[in-house]
Structures are given as structure tokens and as C-alpha cells.
Protein chains: 2
Amino acid sequence: MKPKPKLTLLAETFNVSVATVSNALSGKGRISPELAQRIRDGAREIGYVPSSAGRALRTGRSGVLGLVLPDISNPLFPQIAQAIEQAASTRGYGVLIGDARGSTEGQSQAINRLLERGVDGMLVIPRRGTRVTDIGRPLAMIDSPSTPGNTVSADHHDGGVKMGTYLAELGHQHVLIVAMSSRSIVQADRIEGLKQGLGEQARVELIFTEDLAEQDGAVGSLGLADYVARGVTAVATLSDLTALRVLTELQGAGFSVPDRVSVTGFDDLIWSSAITPGLTTMRADMAEIGRIAVEALVKSIERPDQAERTESGTVKASPDRVAMELLVRPSSGKAGHSEVTS
Amino acid sequence: MKPKPKLTLLAETFNVSVATVSNALSGKGRISPELAQRIRDGAREIGYVPSSAGRALRTGRSGVLGLVLPDISNPLFPQIAQAIEQAASTRGYGVLIGDARGSTEGQSQAINRLLERGVDGMLVIPRRGTRVTDIGRPLAMIDSPSTPGNTVSADHHDGGVKMGTYLAELGHQHVLIVAMSSRSIVQADRIEGLKQGLGEQARVELIFTEDLAEQDGAVGSLGLADYVARGVTAVATLSDLTALRVLTELQGAGFSVPDRVSVTGFDDLIWSSAITPGLTTMRADMAEIGRIAVEALVKSIERPDQAERTESGTVKASPDRVAMELLVRPSSGKAGHSEVTS
DNA sequence: CGGATCGGGTTAATCGTTTAATCGGATAAT
DNA sequence: ATTATCCGATTAAACGATTAACCCGATCCG
């Protein structure tokens with residue numbers, strides 16, 4: 001029916017050159033204010049939408065960022081994706097997703113796919129322990145402050161400290177930490193922080209669900225009853241997902257939470273506030289992290305000279321870490337009667 | 001350092017025209033097999049990557065699909081996004097995400113953003129009750145089979161029937177259905193199916209958490225104890241998220257699950273198998289749904305003449321629904337003693 | 001033996017936008 | 001009056017890939 005409006009169409013209807021139209025729309029060249037306004041009005045009226053392909057070809061920039069995730073099925077992903085999509089679209093960028101599907105080569109493939117699509121820069125949440133090779137384009141990394149090349153992330157260590165301190169103040173002297181993977185830097189930092197916050201005198205035990213999976217299958221029991229019998233008064237997990245598992249296992253075994261055992265998580269996943277008892281957890285301001293990461297990345301794209309880089313070549317941001325916030329909910333309370341029995 | 005390899009560079013090193021190089025790489029024109037092979041080898045060696053902008057400009061296609069979601073923070077999202085990203089990348093397409101942020105105008109904005117970025121087609125998971133206006137490009141909709149214009153989706157009604165039948169077979173005659181929104185077509189279909197599966201003789205009660213939120217706040221109690229006291233032996237929820245809320249509330253109130261009350265969910269969210277007791281739920285094969293949706297959409301993009309459309313103008317797929325699968329886990333069991341007390 | 005066919009390339013136009021260089025005329029400075 | 005300045009707009013050259021049209025020599029066919 002009607003031809004897709006392009007610059008030439010606009011130029012014809014106003015009897016000016018395409019350059020003038022372009023200038024009017026971008027506000028860059030020299031053009032009389034009235035004409036510029038008329039052209040802009042006309043453009044809006046006929047529903048002109050600039051061709052991203054044409055523009056990308058000319059300017060060398062696509063206006064698209066790549067977001068690489070270790071595994072989309074990770075329940076933390078929605079928070080991150082939402083924060084980044086929002087931050088990016090605010091700055092006029094689109095977000096192309098790439099799923100590493102849990103493997104290292106999947107991560108490289110995802111990165112390559114995004115590069116082939118011409119992204120201007122990339123945000124990578126690396127698979128644990130992965131080093132991302134230079135991609136010839138600005139790259140922001142979101143992992144943990146202690147990761148080399150980290151652009152910005154939650155301060156997981158600090159989060160651990162806060163949680164540990166909180167538990168210590170409640171009188172918990174014998175705590176079980178349930179982690180998932182021993183290779184995750186994020187988790188290692190949280191563990192470190194937890195221990196520090198709990199203090200020297202506290203007795204701390206540590207298990208990895210990853211190890212147990214080999215014996216019992218992924219859905220097996222964690223054998224928490226034994227730990228409680230041995231005097232554990234609090235189970236600090238490194239993820240709400242694990243906390244949920246712990247919580248329901250304890251409740252199912254007849255241990256009251258938090259009266260007998262306190263349970264804490266990390267990340268404030270969506271269900272954490274809806275369950276009974278509500279889960280005490282640490283929340284990171286993902287929107288802020290997304291904002292900082294995108295901002296640093298975009299700056300590095302648009303003004304490469306002004307942008308700082310880490311030694312690893314990734315984009316540098318400041319601040320490079322965002323404090324975590326303790327959310328106290330009913331799943332945690334004072335260390336109780338179990339010490340009496342022990 | 002080294003110039004970005006483009007077709008002209010390749011053409012120079014082989015002393016042929018760019019057209020020949022293009023043909024060699026695409027395998028389209030007439031060219032001697034050996035020369036084609038040599039060029040392809042050379043291209044790989046120097047790491048040639050075609051400019052997506054140049055190609056898009058010339059061909060009029062970007063190779064990117066838009067994925068519009070009602071709200072990324074929805075925990076069902078990871079499954080869908082993963083399925084679609086995988087299906088799309090298999091067919092050589094990228095996926096640009098657009099978050100409607102829970103509002104109708106947000107949905108339109110997201111769609112427009114994606115259109116401006118030049119997506120070749122769009123996958124929309126519509127916000128409940130929304131009609132998507134014609135966008136001038138192929139559009140696949142994933143909602144529920146009863147939604148006009150639906151391209152493909154899980155057969156939510158059938159899932160409800162299966163779950164209802166299952167509960168009926170266990171002897172549950174008095175069932176509480178906990179839904180979230182009364183405006184969701186997906187949930188309406190599930191409810192319809194559940195009632196049908198439970199049978200005429202069953203006594204069914206229905207509540208919407210959406211309504212309760214106004215009174216008690218989002219995290220308030222659902223008042224399940226009353227229902228159980230009145231003889232409810234099973235609580236069938238329309239989402240694992242709700243099921244989790246129900247399960248923990250019941251356990252916290254001292255009701256044994258499933259001995260006293262059975263609890264079931266929908267969607268098999270990631271934690272459903274990890275909690276205690278494991279959650280009986282209905283799973284949809286999201287990978288299959290993603291595959292079908294992407295396939296139909298891509299077909300409509302690449303061969304518009306062969307592709308069928310619904311009356312709403314959306315892309316038609318066959319099959320247009322995917323059966324849901326019942327996953328029986330320990331959270332459900334035979335109707336028990338509560339009927340005795342009532 | 002003359003024309004048609006075919007294989008293996010090349011030429012050149014084109015996609016839509018941006019932008020450096022330029023141009024014509026009016027105005028200001030000398 | 002001559003030159004410099006400046007404004008408002010135009011011209012034209014890119015950006016990188018695709019593809020219709022064409023070209024030339026060799027082969028085929030009747």
C-alpha cells in the first residue's frame with residue numbers, strides 16, 4: 001500500500017535534500033529552526049522510523065548490547081535481565097540475549113553469536129571460573145568484586161559479613177553453611193564473609209550440595225537432622241533456592257523454623273517473601289547494578305577515550321560494587337533451645 | 001592494527017571480485033568448487049565475519065527476533081526465554097528482549113522499541129487480556145489455545161483436566177482452587193479444566209490471591225486453615241509459586257502435606273523438585289513450544305507466501321498446542337482423614 | 001558450420017543513513 | 001568596492017553486502 005517512509009520520501013515532500021532531513025531529525029547540522037520543526041512534525045505524521053540497518057552501516061554502531069548469561073534457567077536471571085533491559089532501553093540500546101547453557105564452550109559460542117550480530121558491547125555474567133577472552137569490543141563483567149576484571153557487582157563478601165554478624169548477634173554459635181558449588185567465586189566470597197561475620201569463636205560447618213548430588217541425586221535429602229542434633233542452630237545458605245530446600249526439609253522433619261533452627265538465604269528471589277515463614281535473606285539492588293554496568297559499557301562505547309579499563313581489558317565502573325541489604329523475615333530468630341540439649 | 005576483514009579484502013587477496021567472494025561464501029551464484037573452497041578457507045583464516053548491518057541493509061532482514069514478555073520478573077520466564085533463545089539461535093536468529101514491565105502501555109512501548117531496532121518478527125507473550133495491534137511484521141503469540149490469535153502454547157485446559165482427574169482419582173471431593181488473577185486467560189483455562197477433571201460431584205471452591213492482596217497485603221495469609229477445617233482435602237493452585245505459598249502456610253500451621261492436605265501446582269518451576277515434599281505439578285514442554293513458535297515465525301518471515309495466518313493476523317502453527325505432563329511428587333496423596341472430622 | 005547453451009566469472013546498482021565538503025547569496029568588516 | 005564571514009541548505013561520498021545483468025570463451029547440437 002504505502003511505501004515505507006524513508007529519508008528520501010520526507011525530502012521530496014518538503015522539497016529539500018535528504019541531508020537536510022537528516023540534520024533536522026538529528027539536530028546536528030545547520031538548519032533553520034522552523035524548517036527543522038516542520039520536518040520533524042512531518043516525520044512523526046507519516047510515522048517515519050529510521051532504518052537501523054542503514055544507520056548501523058553508516059555509523060558503525062548497532063545500538064545493541066549483548067547479554068551473556070551462564071544459564072538462563074537460573075532463577076536469579078529475571079532480576080538481572082530486567083535491570084539490564086531497563087537500563088539499556090533508557091539509554092537507547094537494545095539487548096540481545098545469549099545463553100551459555102551451562103558450559104564453557106556454550107559461553108564462547110554465545111559470545112560469538114552476539115559478535116556476529118554486531119553488538120556494540122557486551123555484558124557478561126561469566127560461568128564460574130571462566131576467563132573471557134578479548135572480544136575486540138567493550139565488555140562489562142558482572143561477577144564479584146574479587147574477580148579479576150569485574151566491572152560491577154553486588155558486594156557478596158560484605159553481604160556475607162552482614163549476614164554472619166546478624167546471626168552472631170542472635171546468638172548463633174554453631175552454624176551450618178550450605179553452599180552449592182565450590183568453584184563459584186561469588187559463593188566463595190559469601191562464605192568468606194559469613195565466616196568473618198560469625199566471628200572466630202563460632203563453630204562453622206560447610207557443605208556443598210554439588211558434592212551431595214553425586215551420592216543422592218539432585219533432589220536428595222541434605223541430612224540436616226543430623227546437624228541439628230549435633231547442635232546447629234542456624235543454617236546459612238548461599239542462595240534462596242537452597243534455603244527453600246533447607247527450610248522445607250527441616251519443616252518436614254518436624255523442626256520448627258525459626259524456633260529450633262534459623263534459616264537464611266541470599267538474593268531475595270521472588271518467592272522468598274511469600275512463603276511461610278518468610279525468608280531472611282540478602283538482597284542486592286540489581287537495578288543499580290544493571291544501571292552502573294550499562295552506563296559504564298555505554299560510556300566505553302560512545303567515548304572510548306574517556307573510558308577506563310581494568311587490567312583484564314574489561315570496562316571499569318565506579319562504584320564497582322553495590323552493598324547488599326539484609327532483609328530480616330521470620331525464618332530467623334534467636335539461637336534457641338538446641339544448645340541446651342546438646 | 002589489522003583492518004577489519006570485509007569482502008573487498010578477501011577479494012583482493014584472491015584477485016577476484018567481491019561478487020565472487022560473496023557467492024563463494026553464500027554458495028548461491030555460479031562458481032568453481034575449488035575456488036569457492038579456497039575462498040571459504042581464506043575467510044575462516046583471517047576471521048572474516050560478515051557485517052550484519054551491510055547485509056541487513058541490502059537484504060532487508062536483520063536476522064533478529066523480538067521477544068516481548070509481560071514481566072521478566074515472572075519466574076516462568078527463564079524457561080520460555082531459554083527455549084526461544086535456543087530455537088532461534090539454531091535457526092540462525094538472534095533474540096532481542098523487550099519487557100512490558102507489567103503494564104499495557106509498557107507492552108506497546110516494548111513492541112515499538114523492538115520494531116525500531118528492525119526485528120524481522122516478534123514473539124509475544126501477551127499481558128492478560130491484551131490485544132496486540134498489527135505491527136506490519138510476522139507475529140507469533142504464546143498464550144493459551146483459547147486466546148484468539150494464539151500461535152502455540154501449552155494446552156492449559158487439558159493440563160487442568162489431567163490434574164483434576166488425578167485428584168479425583170485420589171478421592172478428593174472437596175478441593176480449593178487458588179488462582180492469582182481472574183483476568184488471565186491461561187488461568188481461566190486451567191480452572192475450567194480442573195473443574196471438568198474433578199467432575200460434577202466434587203465440591204470446588206475458588207479464590208484469587210489478587211483479591212486477597214488488597215486486604216492483607218501481598219504476603220498475607222491465605223486463611224487456608226479455615227478451608228481445611230471445612231473439609232478441603234486438596235488445594236490445587238494454578239502456579240507453583242502459589243503452591244509454594246500454600247504448602248509452607250499449611251506446614252507452618254501444622255497440617256501435614258500430603259497426609260492431611262494435598263497440594264498441587266503448575267509449571268514445574270525450578271525449585272518444585274527440590275523442596276520437601278516435592279511438588280506435584282504440571283509441566284509444559286517449553287522447549288517444544290519455543291521450537292514450534294520460532295519455526296512458524298521464521299517460516300512466515302522467510303516464505304511469507306507459504307505461511308498461514310490466523311484471523312487476528314498472527315502466525316499460525318501446527319500443532320497449536322502442546323500437551324502438559326503430570327508430574328506426581330510427594331505433595332499429593334489420597335484424600336485422607338479430614339472428611340472424617342468434617 | 002552457425003547458433004544456442006553453459007560454466008565461471010565481472011560490473012554495477014542498490015539498500016538508507018550520515019557527514020565532510022561545498023555552494024550561493026546576504027551581511028558585515030575593512 | 002572588495003573581501004571575509006556566516007547562514008542555510010545541497011552534493012556526493014561513503015558504510016559492506018547482495019544480486020540482477022552482462023560478458024567471454026568453450027562446448028554442444030542439429
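By convention in this document, chain letters (A, B, ...) are assigned in the order of the sequence lines, proteins followed by strands, and residues within each chain are numbered from 1.
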(request) Indicate whether any N or O donor in one side chain lies under 3.5 Å from an N or O acceptor in the other, for B:R101 and A:Q82. (result)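 Short answer, no.
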(request) Give a yes-or-no answer on whether the side chains of B:T20 and B:S17 include a donor-acceptor pair shorter than 3.5 Å. (result) yes
Answer yes when [X] and [Y] have at least one side-chain N-carboxylate O distance shorter than 4.0 Å, and no when they do not.
X: A:R113; Y: B:E85; answer: yes
X: A:R44; Y: A:D41; answer: yes
X: B:K299; Y: B:E295; answer: no

(request) Starting at the 5' end of nucleotides 5-13 of chain D, put B wherever the base has a protein heavy atom under 4.0 Å, S where only the sugar-phosphate does, and a dash everywhere else. (result) --BBBBB-B
Rounding to a whole Å, what distance do you find between [X]:[atom1] and [N]:[atom2]?
X: A:L57; N: D:dG16; atom1: CG; atom2: P; answer: 7 Å
X: A:L7; N: C:dT19; atom1: CG; atom2: C1'; answer: 13 Å
X: A:E116; N: D:dG16; atom1: CD; atom2: P; answer: 17 Å
X: A:L9; N: C:dT17; atom1: CG; atom2: P; answer: 10 Å
X: A:R55; N: D:dA14; atom1: CZ; atom2: C1'; answer: 17 Å
X: B:R61; N: D:dG16; atom1: CZ; atom2: C1'; answer: 18 Å

(request) Scan A:Y48 against the nucleic acid and name what it touches under 4.0 Å (heavy atoms): base, sugar-phosphate only, or nothing. (result) sugar-phosphate
(request) Assign B:T59 to base, sugar-phosphate, or nothing according to its heavy-atom contacts below 4.0 angstrom with the strands shown. (result)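 Counting heavy atoms under 4.0 Å across all strands, the contact made by B:T59 is with sugar-phosphate only.
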(request) Please report the shortest heavy-atom distance between A:L297 and A:G121, naming the atom on each side. (result) CD2-C, 4.0 Å
(message) Counting only side-chain heavy atoms from C-beta out, which of C:dT17, D:dT19, D:dA17 sits nearest to B:K28?
(response) D:dT19
